[in-house]
Every structure is written in structure tokens, then in C-alpha cells.
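Data block below; observations after.
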Amino acid sequence: MPDIKHFDPDAVLETVVRLFWRQGVASTGIQDVVSATGINRSSLYATFGGKQELYLAALRRYLEQRSQPVFRRLAGDGRGLPAISEFFAGLIEARCSGEHARWGCMVSNAHAGAENSDPEVRAVLDQHHRELREAMHAALVTAGHEGQLAPGTDPGASADLLALLAYGVNLRSRAGADAATLHGTVTAALDSIGVRAAA
């Protein structure tokens with residue numbers, strides 16, 4: 001008879017996302033996964049493959065369920081600068097308070113870890129960066145149309161800067177930077193590209 005799974009793979013994968021996100025892939029062994037999920041090794045391997053395959057599935061899930069919805073909201077917001085300001089305010093709040101405080105971003109953490117040497121991991125990181133930058137660019141183009149940008153501001157270059165700033169917020173918050181400091185950095189960065197403060 002076929003093997004019947006007595007667990008929900010989707011729920012298990014969500015637990016694994018949280019584990020890799022909080023601890024990082026290098027610090028997480030397969031026994032940690034077994035302990036966190038309550039699923040034995042053979043069932044994990046049969047369902048997901050080895051640790052690397054499990055990590056990739058978790059990273060893709062993080063991108064699809066946590067990053068992409070935020071990017072879509074930003075790109076389609078239609079308000080320009082207020083949408084960018086709101087994006088960063090929400091990012092700082094998520095990184096500095098609540099359930100996931102000091103976890104950083106699973107994708108940003110991967111940029112800084114040895115796991116980025118894997119071509120499949122790099123492909124996910126590149127996709128994340130491309131979609132983040134495109135969302136920033138869309139919001140900045142809207143801001144330009146609404147007269148919210150200083151003359152001469154290049155939406156493309158500014159989108160690159162703001163995407164890198166988002167990674168910086170993620171990494172600095174994981175290292176313990178406080179919300180007020182991060183808000184100050186965001187304000188200075190926006191001012192430096194001629195973006196007038198949005199209400």
C-alpha cells in the first residue's frame with residue numbers, strides 16, 4: 001500500500017521557514033528540523049529531500065508568501081512617496097518589534113551567508129532583488145508623475161539605492177539596531193536623493 005503521510009507538508013514547511021529564518025541555515029541541523037516539526041528524518045527526506053532541498057523550499061516559500069505580497073502592494077499603491085514611506089515604516093516595525101523581532105529577513109540573511117554560493121539559492125536572491133527594485137521603481141515613477149520628487153531625481157538610480165537600503169534595514173535590525181536609528185537613516189537616505197518627506 002502507498003505510504004500515507006500523517007502530517008501536513010505545508011504546515012511543516014512553514015515551521016521550517018521560521019526555523020531557518022530565525023537561526024540561519026548554517027546553524028540549523030536536520031535534527032533541529034526533526035525536533036521543531038516532530039517529523040522523523042525518513043519522512044522529511046521522502047517529502048522534501050535533504051537539508052539543502054528543504055532550505056530551498058523554505059526560501060521560496062518565504063519569497064512567495066512574505067516578500068512578494070509586500071512588493072505587489074508597493075508597486076500598485078498609486079500614492080508614490082507615501083507608499084515608500086509606509087513600506088519602510090512597516091519594514092522597521094516588523095524587524096524591530098513583535099514575533100519576528102531581530103530575525104532580519106530570510107532573504108537578506110541568505111545574502112550574507114555561505115548559502116549564497118549555491119546557484120539555486122542565488123537565483124531566488126536575484127529574483128527577490130529584481131522584484132524589490134521593480135516595486136521601488138514603480139512607486140518612484142508614480143512619485144515623479146505626482147510632482148513629489150526633486151528635479152533631476154533619477155527613479156532608476158533611486159530605486160537601486162532604496163532597495164539596498166531595505167537590505168541594510170534588515171541586516172542592521174538583526175544586529176540590534178533600534179527602530180529610531182533606522183528611521184533616521186531612512187529619512188537621511190530619502191533626503192539625500194531629493195525626495196521630499198511624505199505625509
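As a basis for the values below, the full set of heavy atoms in this structure was taken, side chains included, without hydrogen atoms, waters or symmetry mates. Position 1 is the first residue of the sequence; numbering continues from there. Note that the structure is a prediction, hence the values are computed from the model and not measured.
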Working to the nearest 0.5 angstrom, can you tell me the gap between [X] [atom1] and [Y] [atom2]?
X      : Y      : atom1 : atom2 : answer
Leu190 : Ser158 : CG    : OG    : 9.5 Å
Gln148 : Ile84  : CD    : CD1   : 8.5 Å
Glu14  : Gln65  : CD    : CD    : 6.0 Å
Leu182 : Leu91  : CG    : CG    : 8.5 Å
Arg61  : Leu56  : CZ    : CG    : 15.0 Å
Leu140 : His145 : CG    : NE2   : 11.0 Å

Under the side-chain hydrogen bond (donor to acceptor under 3.5 Å, both in side chains) criterion, do Arg18 and His100 qualify, and how do the steps go?
CA-CA 9 Å; Arg18 294 166 60 83; His100 307 117; 3.3 Å; yes
Under 4.5 Å between any side-chain heavy atoms of [X] and [Y], yes or no?
X      : Y      : value
Thr185 : Arg172 : no
Phe48  : Pro9   : yes
Thr28  : Tyr55  : no
Leu132 : Met136 : yes
Phe88  : Leu162 : yes
Arg22  : Arg102 : no
Val121 : Val25  : no
Asp178 : Cys96  : no

Looking only at heavy atoms, which two atoms of [X] and [Y] are closest? And how far apart?
X      : Y      : value
Ala83  : Asp77  : CB-CG, 3.4 Å
Ser108 : Tyr167 : OG-CD2, 3.1 Å
Leu63  : Pro69  : O-CD, 4.4 Å
Lys51  : Ala26  : NZ-O, 4.5 Å
Trp21  : Asn109 : O-ND2, 3.5 Å
Phe20  : Ala58  : CD1-CB, 4.1 Å

Ser67 vs Glu131, side chain to side chain contact (heavy atoms under 4.5 Å, CB included): CA-CA, chis, key distance, verdict
CA-CA 9 Å; Ser67 300; Glu131 293 177 3; over 6 Å; no
Ring centres under 6.0 angstrom apart (Tyr62, His128)
no
Please test His129 against Asp126 for side chain to side chain contact (heavy atoms under 4.5 Å, CB included), starting from the C-alpha separation and ending with a verdict.
CA-CA 5 Å; His129 179 73; Asp126 289 344; 5.7 Å; no
Are [X] and [Y] connected in the hydrophobic side-chain network, where two residues link if heavy atoms are under 4.5 Å apart?
X      : Y      : result
Val124 : Leu13  : yes
Leu59  : Leu171 : no
Leu81  : Val70  : yes

[Y] backbone acceptor or donor facing [X] side chain under 3.5 Å:
X      : Y      : answer
Thr47  : Leu44  : no
Arg122 : Asn116 : yes
Ser43  : Ile39  : no
Arg174 : Trp103 : yes

Arg60/Glu53 salt bridge by N-O under 4.0 Å criterion:
no
Is any NZ, NE, NH1 or NH2 atom of the basic residue among Glu86 and Arg79 found under 4.0 Å from an Asp or Glu carboxylate oxygen of the other?
yes
Other residues, nucleotides and ligands only: do more than 12 of their heavy atoms fall within 6.0 Å of CD on Glu93?
no
Ser35-Asp32 side chain donor-acceptor pair, cut-off 3.5 Å
no
